[in-house]
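Structure, as structure tokens:
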Amino acid sequence: MAVQERSFENRSAIDYSQIAQSSSFQHLMRAKKNFILPATLFFLVFYFALPILTSYSNVLNSSAIGPISWAWVFAFAQFIMTWALCMLYSKRAAKFDEIVEQMKQEAKEGGNV
């Protein structure tokens with residue numbers, strides 16, 4: 001019970017509105033937006049290109065390697081792209097977490113966040 005009370009007291013001492021208005025928080029949000037929006041747009045375009053191209057055109061019907069068409073190559077590339085995007089996001093999220101930890105440390109020290 002004492003641990004919960006102490007952690008609640010620590011949380012109430014932090015001024016979240018000051019953190020949200022700080023330049024480091026604004027930088028973090030800008031960095032996240034600059035990564036997440038283009039990555040999401042790329043993923044959506046890449047993902048929906050296969051069903052659209054196979055449904056409304058014959059572009060992917062030609063042979064790529066023997067009996068394997070470009071549609072199969074594109075479909076396999078979607079698996080690779082998903083894993084690559086997941087690894088890229090995990091690495092970038094670790095950097096975001098480092099920035100958050102720095103912000104938390106600055107807030108605890110009472111410095112300029």
Compare all side-chain heavy atoms of Ile65 with those of Trp72 and state whether any distance is below 4.5 angstrom.
-> no
Non-hydrogen atoms of Lys33 and Pro38 that approach each other most closely = O-CD, 3.7 Å
Side chain to side chain donor-acceptor pair (under 3.5 Å): which pairs involve residues 47-71, sequence neighbours left out?
-> Asn58-Asn61
If only atom types and distance count, is the side chain of Glu101 paired as donor or acceptor with the main-chain N or O of Phe96 below 3.5 Å?
-> no
What heavy-atom pair brings Gln26 and Gln21 nearest, and what distance separates the two atoms?
-> NE2-CA, 4.2 Å
Could you give the distance from OG (Ser23) to CE (Met103), rounded to the nearest 0.5 Å?
-> 9.0 Å
Do you know the tightest heavy-atom contact between Pro51 and Phe48?
-> CD-O, 3.4 Å
Determine yes or no for a side-chain-to-main-chain donor-acceptor pair under 3.5 angstrom, with Gln78 supplying the side chain and Phe46 the backbone.
-> yes
Same cluster for Leu44 and Ile52 if Ile/Leu/Val/Met/Phe/Trp/Tyr side chains link at under 4.5 Å?
-> yes
Residues at least two apart in sequence or cross-chain that pass side-chain contact (heavy atoms from CB on, under 4.5 Å) with Leu41, listed by chain then number, are none
Lys95 with Glu98: basic N within carboxylate O range, under 4.0 Å = no
What distance do Gln102 atom CD and Asp97 atom CG have between them, rounded to the nearest 0.5 Å?
-> 11.5 Å
Roughly how far, to the nearest 0.5 Å, is the OG1 atom of Thr40 from the CZ atom of Phe35?
-> 8.5 Å
Connected via hydrophobic side-chain network under 4.5 Å: Phe42 and Phe76 = no
Could I get the full list of side-chain contact (heavy atoms from CB on, under 4.5 Å) partners for Met29, not counting sequence neighbours?
-> Phe25
Working for side chain to side chain contact (heavy atoms under 4.5 Å, CB included), residues Thr82 and Phe43 = CA-CA 8 Å; Thr82 302; Phe43 177 78; 3.9 Å; yes
